[in-house]
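Remember, it's a predicted structure, so these values are computed and weren't measured experimentally. Whatever order the structure lists them in is the order used to number ligands and atoms, beginning at 1.
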Amino acid sequence: MRIDVVSIFPDYLAPLDLSLVGKARTGGLLDLRVHDLRDWTTDRHRTVDDTPFGGGAGMVMRPDVWGTALDSVLDDGAHLLVPTPSGAPLTQRTAERLAEEQHLVVACGRYEGIDARVAEHYRARPGVRVSEFSIGDYVLNGGEVAALVLVEAVARLLPGVVGNPESLVEESHGAAGLLEYPVYTKPPQWAGLDVPDVLLSGHHGRIARWRRDQALRRTAGRRPDLVAALDVAALDRADLAT
Ligand SMILES: CC(C)N1CCN(Cc2ccc(Cn3ccc4ccc(-c5n[nH]c(N)c5C#N)cc43)cc2)CC1
């Protein structure tokens, strides 16, 4: 998979040189290219923004500079992803679908956002899909943090990136849509607290049922919205697997 990220702060994406994503890049599993939007400016001040039509606070990113940049990195079949506070929520299911694609391009806006004609222009281009997404209901100063989230959420799903693929199955927001159960390791006693006895029992069936019960309790307590969307069939399949 190839992912291009375009930003006026390319150094914001430096963490993607680290850990599993960094290894995926050096191992050839992920072709990640980070670009400085200002490389496509033509004026001496390398201007990327201007005042908003209709007035209002702040500045808007110019469509011409973005158009030159995206024409340079987009190819047929690419999926243009634009982080924005008004975007569709980025979910695990979205990450799974994106991980199946060949070429993603992430356009990181700043200021008050990118001129709306940019997304409109590329939506009209045959062979290019455009998706505006948000990583949560809070306000950030730009799209770079969202790009980091998206790249990590997608890259970890690529074959060979995560050492034990099984760990991708029992995850929060996993197949059954449950939050993850609590995890423990040595020492068995710490700060006067014990590990639940069932986890020391060696009885795999009981352990699996305890974990599922804990996941259900957590989901009901912390994310009642997910309970309504629970995939009960997947839950039953998970039960049968124990
Ligand atoms: C004046 C007044 C009435 N306006 C009312 C609406 N406000 C909305 C507004 C606020 C901030 C930004 C800054 N910004 C620029 C590009 C950009 C990309 C993503 C995000 C972003 N924020 N939060 C997320 N989950 C995001 C994602 N994904 C933020 C971005 C852009 C837009 C702006 C102020």
What does the N/O contact table under 3.5 Å look like for ligand 1?
residue  : atom   : partner : partner atom : Å
ligand 1 : 22 (N) : L140    : N            : 3.0
ligand 1 : 23 (N) : Y138    : O            : 2.6
ligand 1 : 23 (N) : L140    : N            : 3.3
ligand 1 : 25 (N) : S134    : OG           : 3.1
ligand 1 : 25 (N) : G136    : N            : 3.4
ligand 1 : 25 (N) : G136    : O            : 2.9

Please determine whether side chain to side chain donor-acceptor pair (under 3.5 Å) holds for the pair E144 and S7, giving the CA-CA distance in whole Å, both sets of side-chain angles, and the decisive distance to 0.1 Å. CA-CA 7 Å; E144 286 79 9; S7 164; 2.6 Å; yes

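Taking both residues in full, the closest heavy atoms of C108 and W66 are given as O-CZ2, 3.3 Å, listed atom of the first, atom of the second, then distance.
Enclosure of atom CG in D43 by more than 12 non-hydrogen atoms of other residues, nucleotides or ligands within 6.0 angstrom is indicated. Heavy-atom contacts from other residues, nucleotides or ligands closer than 6.0 Å to CZ of R206 number 12 or fewer.
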Which pairs of donor and acceptor atoms, one on a side chain in residues 11-19, lie under 3.5 Å apart (sequence neighbours left out)?
residue : atom : partner : partner atom : Å
D17     : OD1  : R25     : NH1          : 2.5

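Counting heavy atoms from C-beta on, the side chains of Y111 and N141 never come closer than 4.5 Å.
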